[in-house]
Amino acid sequence: SLGRTAFGCISLAGACGCSVWRIGSGVHVPKRLSQRNRKSAAPALGQPEWITAERIINRGSEAPMVLHSLLSYGHNLHYEKFADGSVKCIEDEIPFDLPDGWAWSRLLAIIEEKPTNGYSPKGVEYITNVRNLTLTATTSGFFKPNEFKYVDVEIPPDSKYWLKHNDILIQRSNSRELVGTSCIYDDKDFVFIYPDLMMRIHLMGSIDARYIDSVLKSTLTREYYIANATGSAGSMPKINQSIVANTLVPLPPYAEQKRLVRYLDDVMNITNSIESGKLDILELVSKAKSKILDLAIRGQLVPQDPNDEP
């Protein structure tokens with residue numbers, strides 16, 4: 001279990017009505033209490049400093065970063081403060097300890113606006129100026145630009161439905177195993193709109209889209225979406241904007257986000273190589289089995305004794 005330095009946590013009170021409790025930069029926070037003691041501890045509200053403005057942290061020669069967080073950390077516990085001034089202990093929601101310099105954040109606090117659903121007008125069989133993505137465009141977790149339908153509607157240039165580079169798309173409805181699937185839109189601006197079965201988020205400038213997409217694809221987030229999906233029997237489970245907005249994100253400094261993405265790329269390249277090699281081996285095994293059977297039925301698998309009776 002790692003101790004933590006809860007530095008640089010800020011709030012977006014104007015945007016979402018929440019504030020954070022900040023422990024001063026560089027102050028080491030002791031290890032978390034045991035599960036039994038966490039629930040009984042109460043925040044010492046006279047001690048923390050509530051701040052409502054963004055704080056930019058310069059980390060040497062690295063690019064400046066902003067940590068946006070709805071969460072506070074004090075007395076070994078996490079708290080959340082709401083617009084009406086009420087404070088709630090959310091320690092039971094925190095799944096694990098973070099390294100020094102990291103902070104827990106709600107997804108809502110690091111995106112430019114709340115998640116928004118798309119638009120699904122009826123498709124047409126002829127070419128138009130508007131391409132509307134289908135659900136299969138993002139089901140694999142990677143953007144597929146050929147999965148779309150033409151729609152004959154007028155979409156103004158300033159419409160929220162036009163996708164922009166590095167938007168993240170989240171499927172709000174699909175099978176239970178796939179609901180919440182995310183992918184990065186890595187195409188050009190104003191080429192596609194997205195359908196009603198997806199939500200779109202756009203991250204603030206100090207947050208790396210590929211890192212957040214990795215968080216959304218993690219077991220932690222996938223289990224959260226599956227557990228909170230709702231739907232009647234026979235219908236596809238759905239998650240709503242509130243569930244997505246409240247997603248917990250373990251947020252490291254910006255430079256660390258970049259390093260983690262590079263590391264994940266290296267790991268994925270290795271696993272892909274292993275997978276490719278596995279397929280090659282399976283193909284060789286299959287061919288070997290066929291050859292063995294062929295030799296067996298030809299009587300060429302073992303030396304033959306001419307004295308054996310037929």
Side-chain angles (χ1 to χ4, degrees), residues 15-18 35 68-71 78 80 82 88-96 98 104-123 132-144 147-149 160-161 163 166-186 192-203 207 209-251 264 268:
C16 56
C18 299
Q35 186 69 32
H68 307 268
S69 179
L70 299 179
L71 311 184
H78 288 80
E80 191 164 4
F82 301 93
K88 177 185 177 183
C89 179
I90 58 167
E91 189 64 18
D92 287 344
E93 291 187 50
I94 304 301
F96 49 81
L98 295 176
W104 283 106
S105 175
R106 298 288 189 191
L107 185 61
L108 179 63
I110 58 174
I111 56 181
E112 292 186 347
E113 59 183 0
K114 70 179 184 178
T116 53
N117 296 352
Y119 177 43
S120 295
K122 185 178 179 180
N132 194 4
L133 296 179
T134 60
L135 200 61
T136 52
T138 63
T139 300
S140 67
F142 299 94
F143 179 64
K144 294 183 177 180
E147 301 293 331
F148 69 90
K149 63 181 180 181
K160 64 181 181 180
Y161 298 124
L163 288 170
N166 269 358
D167 281 346
I168 295 180
L169 295 167
I170 301 172
Q171 295 191 359
R172 70 180 190 89
S173 182
N174 206 324
S175 66
R176 188 161 295 276
E177 294 75 20
L178 293 174
V179 65
T181 296
S182 69
C183 90
I184 296 175
Y185 174 72
D186 53 10
F192 298 94
I193 64 172
Y194 63 105
D196 180 62
L197 292 178
M198 296 182 195
M199 282 180 260
R200 186 265 301 274
I201 60 172
H202 194 83
L203 297 163
I207 309 298
R210 292 188 62 197
Y211 172 74
I212 298 301
D213 186 51
S214 298
V215 172
L216 296 177
K217 287 178 165 64
S218 69
T219 302
L220 173 70
T221 307
R222 297 293 308 127
E223 290 180 348
Y224 165 69
Y225 288 156
I226 291 170
N228 287 279
T230 60
S232 58
S235 65
M236 290 197 301
K238 293 180 176 62
I239 53 175
N240 58 35
Q241 296 172 359
S242 177
I243 290 170
V244 171
N246 283 308
T247 303
L248 277 173
V249 176
L251 194 63
L264 287 171
M268 291 303 174

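Since this is a predicted model, take the numbers as computed values, not measurements.
Taking R200 as the reference, D167 meet the salt bridge (Lys or Arg N to Asp or Glu O under 4.0 Å) condition, with sequence neighbours excluded. In this structure, the side chain to side chain donor-acceptor pair (under 3.5 Å) partners of S242, at least two apart in sequence or on a different chain, are N246. Residues passing the ring-ring contact (aromatic ring centres under 6.0 Å, His included) test with Y194: none are found, sequence neighbours excluded. Applying the salt bridge (Lys or Arg N to Asp or Glu O under 4.0 Å) criterion to K217, with sequence neighbours excluded, gives D213.
Between P195 and Y119, the closest side-chain pair of non-hydrogen atoms is not below 4.5 Å. Residues I170 and L216 form a side-chain contact, since some pair of their non-hydrogen atoms from C-beta on lies under 4.5 Å apart. Counting only heavy atoms from C-beta outward, the side chains of F96 and L220 approach each other to under 4.5 Å. Using a 4.5 Å cut-off on side-chain heavy atoms (C-beta onward), L197 and M236 make contact.
Minimum heavy-atom separation, N132 to P121: ND2-CD, 3.5 Å. Closest heavy-atom contact between E147 and T136: OE1-OG1, 2.9 Å. Of all the heavy atoms in S214 and L264, the pair that sits closest is OG-CD1, 3.5 Å. Heavy-atom minimum distance, M199 versus P115: SD-CB, 3.9 Å. When every heavy atom of L248 is checked against every heavy atom of P95, the shortest pair comes out as CD1-CD, 4.2 Å. The two residues C183 and T138 have their closest heavy-atom pair at SG-CG2, 3.3 Å.
Taken to the nearest 0.5 Å, the OH atom of Y185 stands 14.5 Å off from the CD1 atom of I168. Atom OG1 of T116 sits about 11.5 Å away from atom NE2 of H202, to the nearest 0.5 Å. Taking CD1 of I193 as the start and OG of S120 as the end, the distance is 7.5 Å to the nearest 0.5 Å. With rounding to the nearest 0.5 angstrom, the CG atom of N240 is 12.0 Å from the OG atom of S173. Taken from CD in Q241 to CG in N117, the straight-line distance is 4.5 Å, to the nearest 0.5 Å.
Although no hydrogens or angles enter the test, the distance criterion places no donor-acceptor pair under 3.5 Å between the side chain of N228 and the main chain of I239. Under the 3.5 Å distance criterion, the side-chain polar atoms of Q171 are left unmatched by any main-chain donor or acceptor of V179. T221 places no side-chain N or O within donor-acceptor distance of the main-chain N or O of S218, the cut-off being under 3.5 Å.
Annotation: salt bridge (Lys or Arg N to Asp or Glu O under 4.0 Å) contacts involving residues 107-120, sequence neighbours excluded, are absent. Here salt bridge (Lys or Arg N to Asp or Glu O under 4.0 Å) pairs that include residues 171-181, with residues two or more places apart or in two chains, are R172-D196.
Looking at V249, I110, I111 one by one, the single match for side-chain contact (heavy atoms from CB on, under 4.5 Å) with I207 turns out to be I110.
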Go through the steps to decide whether Y225 and I243 satisfy the test side chain to side chain contact (heavy atoms under 4.5 Å, CB included), and finish with yes or no. CA-CA 7 Å; Y225 288 156; I243 290 170; 3.9 Å; yes
Kindly determine whether T247 and V215 satisfy side chain to side chain contact (heavy atoms under 4.5 Å, CB included), including the steps that lead there. CA-CA 10 Å; T247 303; V215 172; 5.6 Å; no
F142 vs D186, side chain to side chain contact (heavy atoms under 4.5 Å, CB included): CA-CA, chis, key distance, verdict: CA-CA 9 Å; F142 299 94; D186 53 10; over 6 Å; no
Test side chain to side chain contact (heavy atoms under 4.5 Å, CB included) on L107 and I212; report intermediate values, then the result. CA-CA 9 Å; L107 185 61; I212 298 301; 4.1 Å; yes
